[in-house]
Structure formats: structure tokens, C-alpha cells
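Reviewing the structure listed below.
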Amino acid sequence: MRIALFGDIHANLEALEAVLADASEQGVTDYVCMGDVVGYNADPAACLEIVRAMDCPTVKGNHDEDASGNHSLDSMNPVAAAALEWTRHQLTDEQRQWLTRLRMVRQVSDFTVVHSTLDQPAHWNYVTNRFDAMSNFSYQFTQVCFHGHTHVPRVYVKSDRVREVPAESVAVEDGSKYFINIGSVGQPRDGDNRACYVIYDLDHNVIVFRRVEYDIEKTQAKILAAGLPEMLAERIMEGR
Ligand code: ZN
């Protein structure tokens with residue numbers, strides 16, 4: 001069984017299509033979506049329909065929650081809020097309901113998935129260091145847990161203590177727990193502008209990060225044509 005875990009798509013259709021093509025070439029048999037299907041970029045409805053048609057386990061991201069609600073976005077950063085306001089108008093009521101019904105945490109096979117953290121999944125906390133990761137491990141009852149949210153691939157390992165190791169191939173070993181940020185399909189922020197996702201090979205107990213090139217200029221043109229903030233087009237080229 002080879003499972004692709006992908007998330008933080010953020011309405012980037014070109015990146016999503018490139019990732020799914022790569023996963024298929026890599027012999028992936030199953031898919032799990034880590035949320036934030038929409039927000040920021042210009043193809044929320046198309047990305048939502050692709051993920052929905054895949055009918056794979058999907059957890060809710062903060063942008064999915066904000067795009068499907070009617071609450072005020074005033075307290076958000078203005079660029080994200082402008083994109084979410086626009087996104088709300090791009091989705092049908094039925095598509096918004098699909099987002100509303102997504103669950104915060106899911107167990108798939110013998111691992112767990114959550115968009116932000118297991119300790120307070122609805123608070124959308126960011127995990128940026130091993131101390132943040134420790135709070136998650138207290139609530140992690142499976143050996144492996146995947147998450148997203150920061151758009152930066154990271155690997156935290158808990159054995160006698162919690163440490164961070166490079167986000168490269170991970171061999172899952174008995175006696176250790178793993179909390180893994182799978183990076184972002186549609187808006188990477190680690191300085192590498194290629195789409196990011198992971199493949200978990202359950203037969204060999206190996207987790208591999210994949211980076212996939214896509215037509216960034218096409219995505220940028222759509223962002224600008226939609227009247228979304230220019231900064232959103234700039235950042236996907238920079239990978240920040
Ligand atoms: Zn996100």
C-alpha cells in the first residue's frame with residue numbers, strides 16, 4: 001500500500017494536477033487530503049471538485065472553515081481575508097456545505113491526520129519547533145501522525161526525547177513516534193517553489209517527500225486575472 005498525503009492545495013489547480021500525476025506515476029494506491037483545499041489562489045471550485053470526486057479521507061483546514069462560514073474575517077491578515085471573501089463567492093452553497101462537514105481529525109489505516117495539531121485542532125496552532133511538537137505528541141496515540149498548516153515540510157521524532165530531523169526520507173522504526181508536516185501543494189513556504197507532498201509506503205515503512213514542478217506562470221496569470229492580491233502571485237514563484 002502506497003498512500004499519497006497531500007494538502008494546503010489552496011485552490012492551485014496546476015499544482016494539484018501535477019501532484020496527482022506524479023503520485024500516479026509513483027504507483028500510489030490511496031490518497032489522504034490534509035485540508036486547506038481552498039483559499040489564496042484562483043481555482044477553489046475546481047480543486048474542491050477534484051478532491052471531492054477522489055472520495056478520500058480529508059480533514060478540514062482553517063481556510064476551508066473560513067471559506068464555508070459567514071463570520072467576519074476582519075481579524076485576519078488582509079491578504080488572506082481578501083482571498084477568502086473572493087473564495088466565498090466562487091463556491092456554491094452545496095460546495096460550502098461539503099467543506100463544513102469535513103472532520104478535524106481522522107484515523108486512516110494505523111496513522112492519524114489533522115490539519116494543525118491534535119492537542120487543539122480547532123485552534124489552528126502552528127507547529128514551528130520541537131516544543132510545539134511536544135504538545136501534539138501528548139495527544140498522539142498512533143505511531144505516525146501527519147499534518148500541514150505551516151506549508152513547511154518538517155519531521156519531528158519522539159523517542160526518549162523529541163527532536164527535529166531533516167524533512168527527507170523517513171524510515172519508521174519501532175519505539176519512535178513521528179509527527180510529520182507534509183508541506184504544501186499550492187503555496188510552499190520553504191523557499192522551494194515546487195509543489196510538495198509525501199508518499200507513505202506501508203509495506204516498507206518508509207515516508208518520502210516529493211517535490212513536483214508545475215506551470216507557476218499559468219497559476220499566477222489566473223490570480224491576477226481574478227483580481228486577487230498581487231502578492232499571492234509573487235509568493236508562489238518565491239516559495240514563501
Ligand atoms: Zn494552508
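When a ligand or atom number is given, it counts from 1 through the structure's own listing order.
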Set of side-chain contact (heavy atoms from CB on, under 4.5 Å) partners for Ala133, sequence neighbours left out = Val127, Phe137, Tyr156, Val162, Phe179
By side-chain contact (heavy atoms from CB on, under 4.5 Å) - contacts of Thr87 (at least two apart) | Val38, Pro44, Ala67, Leu91
Side chain to side chain donor-acceptor pair (under 3.5 Å) between Asp66 and His71, intermediate numbers included = CA-CA 8 Å; Asp66 287 331; His71 52 278; 2.7 Å; yes
Check: His10 ring centre within less than 6.0 Å of His63 ring centre | yes
Could you tell me if the ring centre of Tyr200 sits under 6.0 Å from that of Phe146?
-> yes
Who are the side-chain hydrogen bond (donor to acceptor under 3.5 Å, both in side chains) partners of Asn129, not counting sequence neighbours?
-> none
If only protein N, O or S atoms under 2.8 Å count, total around the Zn ion (ligand 1) | 4
